[in-house]
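Below is one structure; the comments refer to it alone.
Because only heavy atoms are used, hydrogens play no part in the values below, and waters and symmetry mates are left out as well, while side chains stay in.
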Amino acid sequence: MEEQLEQQVTRGLAPQSAPHYSAPKQYPFPTEVISLPSKGLCYPESHPLSKGEITIKLMTAKEEDILTSTNLIKKGIHLDKLLESVVVEPGVNVNDILVGDKNAILITSRVLAFGPEYNVTINDPVENEPVEYTVDLSKIKIKEVDDSKLNRQNEYDFTLPVSKVQIKFKLLTHGDELAINKDIEASEKTLKQGNEITTRYRRLITEVNGDRNLGTISTYVINQLLAGDSKALRKYMASITPDLDLTFDYVSPYTGEMEALRIPFGMDFFYPTE
């Protein structure tokens, strides 16, 4: 256990120390300080998360109510409400939290509440047969990115390789994701089709050839952004986005070979039934 905790501290995902309890005069509930994948480098220096860590509340029965609320699950907002409940860092608006940092908060909350073992059913890549497997969530690592490419304005330059258009973009926050989801839902109701890619680009692209007008950006995304440029932009964004490496080493019981697979996040991830 001590060795595992030491590994978690080194990675910066899990607690920086053994779970401790804040003084009653500070918080009337148990808390933990965790490190963020962004290291705070994408927030202004005046922002409370610029120090690269955040105080979260350990999940209690209140959070269990959130995770099992049929109404919240039906609306698809139970994890949003969970995030709002566990983030207790003074001065932090959860909408400002980068998506990668949000992932670290939620997954660490799950590990602290229910332990690192996550039982899943996956299809073996070779045999295509269902396999019961236990993923060790304590082995999740923070994705390695070049910190020198990050900045506190959270705005980045990129030249689209096909059209040579100069753009600026930002890394998305939790608030951006909420807005994107609402836009997609509205579009599906009115247009009867999904537009996730263009909706996401309209939120993350902040400038096109020096023009920051939202109408100009929207028109460009819908009518002029080439597929080749779109693919290149997604690849570059992924390379600099602080986040967790949400893969695990799967060893096939049929072949004995190891392969990196993405962790499947089912309904019981945050509230295991067993």
> Stepwise, does the side chain to side chain donor-acceptor pair (under 3.5 Å) test hold for Ser69 with Asn71?
Replying inline: CA-CA 5 Å; Ser69 169; Asn71 185 44; 5.3 Å; no
>> Regarding Glu196 and Thr199, do their side chains bring together a donor and an acceptor under 3.5 Å, going by distance alone?
In response: no
> Is the closest side-chain donor-acceptor distance between Ser35 and Glu53 under 3.5 Å?
Replying inline: no
> Would Glu45 and Lys51 pass as an ion pair if we require N to O under 4.0 Å?
Replying inline: no
> Judged by atom type as modelled, is there a donor-acceptor pair below 3.5 Å linking the side chain of Arg202 to the main-chain atoms of Leu214?
Replying inline: no
> Any salt bridge between Lys102 and Glu177, counting N to O under 4.0 Å?
Replying inline: yes
> Can Glu185 and Lys182 be counted as an ion pair, charged N to O under 4.0 angstrom?
Replying inline: no
>> If we count only N and O atoms by modelled type, under 3.5 Å, do the side chains of Tyr201 and Asn195 hold a donor and an acceptor together?
In response: no
> Among Asn93, Val92, Leu98, which one satisfies side chain to side chain contact (heavy atoms under 4.5 Å, CB included) with Asp96?
Replying inline: Asn93
>> I want to check a possible cation-pi pair here: Arg110 against Phe269, using under 6.0 Å from ring centre and within 45° of the ring axis as the test.
In response: yes
>> Determine whether the aromatic ring centres of residues Tyr271 and Phe114 are separated by less than 6.0 angstrom.
In response: yes
> Looking at Tyr254, Tyr250, Tyr133, which one forms a side-chain hydrogen bond (donor to acceptor under 3.5 Å, both in side chains) with Asp124?
Replying inline: Tyr250
>> Can you pull out every salt bridge (charged side-chain N to carboxylate O under 4.0 Å, His left out) where at least one residue sits in residues 215-236? Sequence neighbours excluded, please.
In response: none
> Do the charged groups of Lys168 and Glu155 touch, with an N to O distance under 4.0 Å?
Replying inline: no
> Charged N to carboxylate O under 4.0 angstrom, Asp176 versus Arg200?
Replying inline: no
>> Tell me which pairs pass salt bridge (charged side-chain N to carboxylate O under 4.0 Å, His left out) where either residue lies in residues 126-135, with sequence neighbours left out.
In response: none
> What residues, two or more places apart in sequence or in another chain, satisfy side-chain hydrogen bond (donor to acceptor under 3.5 Å, both in side chains) together with Gln166?
Replying inline: Thr159
>> What I want to find out is whether Asp243 reaches Lys143 closely enough, with some N-O distance under 4.0 Å, to be called a salt bridge.
In response: no
